[in-house]
Each structure stands twice: as structure tokens, then as C-alpha cells.
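Report on one structure; see the data block that follows.
Everything numeric here is computed off the predicted structure, so don't read it as measured data. Lettering follows sequence order; numbering is per chain, from 1.
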Amino acid sequence: MNENLFASFITPMMFGLPLVTLIVLFPSLLFPTSSRLVNNRLISLQQWMLQLVSKQMMSIHNTKGQTWALMLMSLILFIGSTNLLGLLPHSFTPTTQLSMNLGMAIPLWAGAVITGFRNKTKTSLAHFLPQGTPTPLIPMLVIIETISLFIQPVALAVRLTANITAGHLLIHLIGGATLALMSINTTTALITFIILILLTVLEFAVAMIQAYVFTLLVSLYLHDNT
Amino acid sequence: SQDSKMASVVPLKEKKLLEVKLGELPSWILMRDFTPSGIAGAFQRGYYRYYNKYVNVKKGSIAGLSMVLAAYVFLNYCRSYKELKHERLRKYH
């Protein structure tokens with residue numbers, strides 16, 4: 001049990017070939033493109049959802065920030081679909097790997113911050129000192145604000161990794177417990193099974209919420225800096 | 001009658017799999033295009049065959065997406081079979 005618990009998080013390789021590339025590319029198969037006005041049901045549903053999300057998320061930005069719309073929408077689609085596909089049995093979720101989430105978080109955060117520093121230098125620097133701080137506190141507060149700025153990409157990545165990994169681990173553990181309890185005491189097994197169902201519902205929600213949170217935070221960092 | 005006899009002889013390379021006779025099968029397989037662009041073409045044809053049959057229709061159902069997900073689950077199961085076979089219900093592992 002101990003070795004098997006984390007076995008599902010190993011990068012999948014087959015005969016030395018990186019299968020993980022195929023798994024990362026798989027969600028793109030589920031989002032077909034079409035240049036028609038009226039599409040089939042799958043594409044229509046996806047377009048409706050995308051319009052809903054993009055209107056809600058990009059409404060707070062000015063013109064310069066709205067150039068990021070494509071990036072942010074691809075981001076939320078990718079993270080959402082990858083997380084949801086990871087809930088299927090035996091599948092591998094790329095977003096459980098910290099390396100991948102750091103690879104998503106650091107460039108996006110750095111892009112937003114550098115845009116802010118290049119175009120609105122004074123405002124970006126002013127963010128390091130909140131309004132109305134007493135004078136003796138200023139040096140310490142600048143240090144604290146710098147740390148809080150640099151921790152943003154790390155927090156983005158670790159938040160996503162930890163949430164998804166913890167959810168998968170809980171499902172594995174409680175599922176294993178249900179199986180083991182079935183031969184010992186059926187009532188407890190039933191209770192554990194109900195817990196498993198509730199957990200799965202939670203995981204579906206978490207999968208989508210985490211995607212939303214990631215994208216929302218990136219968009220907030222962008223808003224600060226455009 | 002002469003023209004119909006000529007038209008019915010289709011070259012082996014262009015026959016579909018179900019029209020190939022059993023004796024001709026090895027030579028048919030060897031004649032297939034195994035270059036990278038040939039394999040890519042085969043994948044593309046397969047994708048569009050599935051897409052146009054199940055998804056790109058007026059009243060597509062959930063079956064079009066579900067079959068893809070089921071195949072995905074099955075392929076992942078095959079991939080991790082080696083680790084999974086230790087979890088069988090046995091008295092002694």
C-alpha cells in the first residue's frame with residue numbers, strides 16, 4: 001500500500017518514451033475548432049462556456065489588459081480540462097507535478113510584473129509601500145512587500161499542486177479503506193463509500209475551482225500592472 | 001463487357017482492408033505507407049472518420065465524447081497494468 005499510494009504520481013514512461021507528452025496533449029483533442037457560424041453540439045457548448053467565462057473574467061481589465069484574453073482563456077481551459085480528466089480512473093494528472101505548475105506560474109506572473117514595471121514604473125514601485133504607514137515601519141514593510149511579491153508565483157504553483165495531489169491521495173486512501181472494510185464490517189464500508197461519493201463530488205468542484213483561481217489570480221496580477 | 005472487366009481490377013495498393021483477400025494480406029501490409037507523413041495521414045484520417053461520424057452531426061449525443069474518454073481510461077489501465085497487478089485480491093502477494 002505504501003509504495004502504491006504514490007505510484008500514480010510517477011511520470012508515465014513506456015519503454016523509455018515519454019508518454020507524458022501524449023497525456024498533456026490529450027485535452028486538446030477534446031476541443032475541436034470550427035470556423036462555422038452554427039456548429040455541432042460539442043463545439044457550441046464549449047463556445048458558450050468560453051464566452052461566459054471570458055466575459056466575466058476580462059471585464060475588469062482595460063484595453064491593454066484585454067490583450068491577455070487568449071492567454072487567460074487557454075489557461076483556464078487547460079487547467080480545468082486536465083484536472084477533470086485526472087478524475088477518471090487510472091489516469092495521470094499533469095497538474096500534480098510541481099514542475100509543470102511552476103512552468104505555468106512563473107512566466108505568467110513575471111510577464112505581468114515586468115509589464116507593470118516597464119509601462120507604469122512609478123505605480124509598480126509604489127505598490128511596495130502601502131499608504132499611510134508610520135515612518136519607522138517603512139524599511140521593514142518594503143522588505144515584507146518584496147517577499148510577498150516574490151512569493152506569488154510559488155504560491156500559485158504550490159496551491160494548484162497541493163490541492164489536486166491531496167484530492168487524489170484522499171480518493172485513493174478512502175477507496176482503499178472502503179475495499180478493505182467490506183469484508184470486515186459492511187455498514188462501516190457503506191459509510192465510507194458515501195464519504196467517497198461526497199469526496200468525488202468535491203473533487204469535481206475543486207478541479208474547476210482551482211483552474212478558476214489560478215487564472216483569476218494571474219488576471220489580478222495583470223490588472224495591478226496594466 | 002470488356003470495359004466492365006477492366007474497371008473491376010483495382011490495384012492492390014488502393015484497396016481498403018476489408019476488400020483485401022486473405023492471401024494478399026502480407027503484401028498489402030508491406031505496401032502501406034510507413035513514412036512519418038504516411039502515419040500522420042493515417043491518424044488524421046482516423047480522427048476525421050470518428051469526428052464526422054459521432055461528433056460533427058446535427059444531434060450529437062454524449063456517446064461521442066464518452067467513447068473517447070472510455071478509450072482513454074482503457075489505455076491508461078494498460079499503461080499502468082504492471083503496477084496494478086500487485087493489487088489483486090489474493091491471500092499471498
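For chain A, no part of B/Leu75 is nearby; none of its heavy atoms comes within less than 4.5 Å. If you measure heavy-atom distances from A/Ile43 to chain B, the contacts under 4.5 Å come from the side chain alone. Heavy-atom distances place both the backbone and the side chain of B/Val55 under 4.5 Å from chain A. The parts of B/Lys59 that come within reach of chain A are both its backbone and its side chain, each placing non-hydrogen atoms under 4.5 angstrom from that chain.
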Donor-acceptor pairs are to be reported for all side-chain atoms of residues 20-34 of chain A against protein atoms at under 3.5 Å, with residues two or more places apart or in another chain.
{"from": "A/Thr21", "atom 1": "OG1", "to": "A/Pro18", "atom 2": "O", "distance (Å)": "3.2"}
{"from": "A/Ser28", "atom 1": "OG", "to": "A/Leu25", "atom 2": "O", "distance (Å)": "2.6"}
{"from": "A/Ser34", "atom 1": "OG", "to": "A/Arg36", "atom 2": "N", "distance (Å)": "3.1"}
{"from": "A/Ser34", "atom 1": "OG", "to": "A/Asn39", "atom 2": "OD1", "distance (Å)": "2.5"}

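Proximity of A/His90 to B/Phe74: side-chain heavy atoms (C-beta onward) are nowhere separated by under 4.5 Å.
The stretch residues 183-207 of chain A places none of its residues near chain B, where near means some heavy atom under 4.5 Å from a heavy atom of that chain. Close approach to chain B, defined as a heavy atom under 4.5 Å from one of its heavy atoms, is seen in A/Leu85, A/Leu88, A/Pro89 of residues 60-89 of chain A, taken by number. Contacts between residues 149-156 of chain A and chain B, defined by a heavy-atom separation under 4.5 Å, are made by no residue at all.
In this structure, B/Tyr48 places its OH atom where only 12 or fewer heavy-atom neighbours from other residues, nucleotides or ligands lie under 6.0 Å away. Open room surrounds CD1 on B/Ile62; 12 or fewer heavy atoms of other groups in view lie less than 6.0 Å from it.
No side-chain donor from either of B/Tyr54 and A/Asn40 sits under 3.5 Å from a side-chain acceptor of the other.
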